[in-house]
Amino acid sequence: MLDTKLLRTQLEAVAERLKTRGFELDVEQIQQLEAERKKRQVEMQELQALRNSRSKAIGQAKAKGEDIQPILDEVADLKEKLEAAKAAEEAVQSELEAIYASIPNLPHESVPVGSSEEDNVEIRRWGTPPEFDFEVKDHVDLAEARGWYDNEAAVKIASSRFAVMKGPMARLQRALIQLMLDTHTQTHGYEEVYVPYLVNQDSLRGTGQLPKFEADLYKIAKHEEHDTNDRDLYLIPTAEVPVTNLVRGEILDESALPLKMTAHTPCFRSEAGSYGRDTKGLIRQHQFEKVEMVQVVHPDTSYEVLEQLTGHAEAILQKLELPYRVMNLCTGDIGFSAAKTYDLEVWLPGQNAYREISSCSNFEDFQARRLQARFRSGEGKPQLVHTLNGSGLAVGRTLVAILENYQNADGTVTVPEALRSYMGGVEVL
RNA sequence: GGAGACGUGGCCGAGAGGCUGAAGGCGCUCCCCUGCUAAGGGAGUAUGGGGUUUGUAGCUCCAUCGAGGGUUCGAAUCCCUCCGUCUCCGCCA
């Protein structure tokens, strides 16, 4: 959520910047509602003040043994008036809140202006795509040929876009998770955390998945359908949700910053609206593994930290010697809550293309405001923190990248050096 | 899953319809006293929002005693629902 003060005082400028990401803000409507809000709120509060003072007077009169009937007569219709004023105020307020909750974050000035992924700017490349003197297979053909990947079985026990993996491939995925977690904890200074895979609505609101993106989430109905669903839980679409929500409602001591956390979790996405894209293989699944990095930092440092965090994700690709490039997402392509995002795209020989494998974002105080995640420095007022996160990395896609980049003519796969200790020393699968 | 107890500020803990945004204690901050240490005295110490102000400060109003509803002129206090914690029993990895 954006700062309401900013929305009140610099609405035009905000609308102007939001335009760069293709978002049209109805300035006039907001101004109207704000004026209405102000009026209603003052009305309501004045009535409340009157009620409070009269009620107090009744108490005092009673204590002195005086007749309270005159005061009671005076406030006879106050209750009804107050209720009406309250209802009016709440109506405007919730209308405004709904609008504010749907406004995306303002892009940082270093974000290139553009309308689609075509306009993303390549920052750097690392590594060279390997050359093969045989016809390369994609990860599906390769893994199916070895009996490692069984799409039919997944469809049978669940549905399409789920995976069944066996033997060395399943183990390779586990090895990747271990490598990533060990690297982030041992050399990048993150604390490993274990978190719930089901979360409540407050958590999803805190990180911005709700109210706008409910359709992308799997919901677990806890009660009968006719029951209220406030307490329904959702499968996490990313570890970002439970991990970032650890600081929801907290006032941290400045010395506790930065908070650096990493977690491996499965992620669940219903991917409504993406049918027809990446239907084959592991690229786009309803369930996939991811190692996530989350940082909660002092506002002054967040852009510096974004560079570091991106570097931490890159370090994994470098360890695995997978060629990749770093993209600065343009205003039209960054996510709802992000002020700036770098995507890491890994080279996939099977597709002859770079594909997203990590997304590293600075949310500034956009998430923190809704989370009410703050810190206090000295005597000062609590101040909102900045939050960041990045995949480090999407494990399923890393698995794809390894199979495809390390494939051999005979259908075997060489194990990257960095993974061998996690694979019992095996060099070739 | 069953039965009971409970949920108050940074922490402990009183309060049982009005003078309570909340006694007292601990902690913390500042000031005074003190040769050092120890001790003592005083003051302060929640969060969000609105109005006023170009903005800050200030002033002022509103809200918040697990959450949400209700009763009442008035609720931390009474009633209901939910969430959570503890104890005992049951079950389970």
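If you're wondering where the values come from, they're calculated on a predicted model, not measured in any experiment.
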Could you tell me how far [M] sits from [N] if I compare only their [atom1] atoms? Round to whole Å.
{"N": "B/C78", "M": "B/A16", "atom1": "C1'", "result": "10 Å"}
{"N": "B/G18", "M": "B/U77", "atom1": "C1'", "result": "11 Å"}
{"N": "B/G9", "M": "B/A5", "atom1": "C1'", "result": "24 Å"}
{"N": "B/U34", "M": "B/C12", "atom1": "C1'", "result": "31 Å"}
{"N": "B/C80", "M": "B/C6", "atom1": "P", "result": "14 Å"}
{"N": "B/U52", "M": "B/G42", "atom1": "C1'", "result": "34 Å"}
{"N": "B/U20", "M": "B/U8", "atom1": "C1'", "result": "12 Å"}

When the ring planes of A/His312 and A/His188 are compared, do they come out parallel, tilted or perpendicular, using 30° and 60° as the limits?
parallel

Kindly say if A/Arg51 contacts the phosphate of B/C62, meaning a side-chain N or O under 4.0 Å from OP1 or OP2.
no

Please determine if a side-chain N or O atom of A/Arg376 lies less than 4.0 Å away from the OP1 or OP2 oxygen of B/U29.
no

In whole angstroms, how far is the [atom2] atom of [N] from the [atom1] atom of [X]?
{"X": "A/Gln41", "N": "B/G49", "atom1": "CD", "atom2": "C1'", "answer": "7 Å"}
{"X": "A/Met44", "N": "B/G49", "atom1": "CE", "atom2": "P", "answer": "15 Å"}
{"X": "A/Glu46", "N": "B/G51", "atom1": "CD", "atom2": "C1'", "answer": "9 Å"}
{"X": "A/Glu66", "N": "B/C73", "atom1": "CD", "atom2": "P", "answer": "20 Å"}
{"X": "A/Glu36", "N": "B/G51", "atom1": "CD", "atom2": "C1'", "answer": "17 Å"}

By nearest nucleotide on RNA chain B, pick out whichever of A/Val42 and A/Ile58 is the more 5' one.
A/Val42

Between A/Gln372 and A/Leu72, the residue closer to the 5' end of RNA chain B by nearest nucleotide is A/Gln372

Salt-bridge contact [X]-[Y] (side-chain N to carboxylate O under 4.0 Å):
{"X": "A/Glu36", "Y": "A/Arg40", "result": "yes"}
{"X": "A/Lys280", "Y": "A/Asp138", "result": "yes"}
{"X": "A/Glu214", "Y": "A/Lys219", "result": "yes"}

Reckon [X] touches a base, only the sugar-phosphate, or nothing at all at heavy-atom distances under 4.0 Å?
{"X": "A/Gln60", "result": "nothing"}
{"X": "A/Arg40", "result": "nothing"}
{"X": "A/Lys62", "result": "base"}

Let's see if you can work this out: which of B/G51, B/A63, B/G18 has an atom nearest to the side-chain heavy atoms of A/Asn52?
B/A63

Closest to the A/Gln48 side chain: B/C73, B/U47, B/C62?
B/C62

Side chains of A/Tyr218 and A/His286: do they bring a donor and an acceptor to under 3.5 Å?
yes

Hey, mind stepping through A/Thr387 and A/Val294 against side chain to side chain contact (heavy atoms under 4.5 Å, CB included) and telling me if it holds?
CA-CA 7 Å; A/Thr387 59; A/Val294 171; 5.9 Å; no

Range-with-range stems for RNA chain B, at least three Watson-Crick or G-U pairs under 3.5 Å
B:1-7 with B:83-89, B:10-12 with B:24-26, B:27-32 with B:40-45, B:46-52 with B:58-64, B:66-70 with B:78-82

A/His298 and A/Phe375: ring pair (Phe, Tyr, Trp, His ring centres under 6.0 Å), yes or no, with the steps?
CA-CA 8 Å; A/His298 191 287; A/Phe375 73 98; 4.9 Å; yes

Taken to the nearest 0.5 Å, the spacing of A/Leu419 CG from A/Thr414 OG1 works out to 12.0 Å

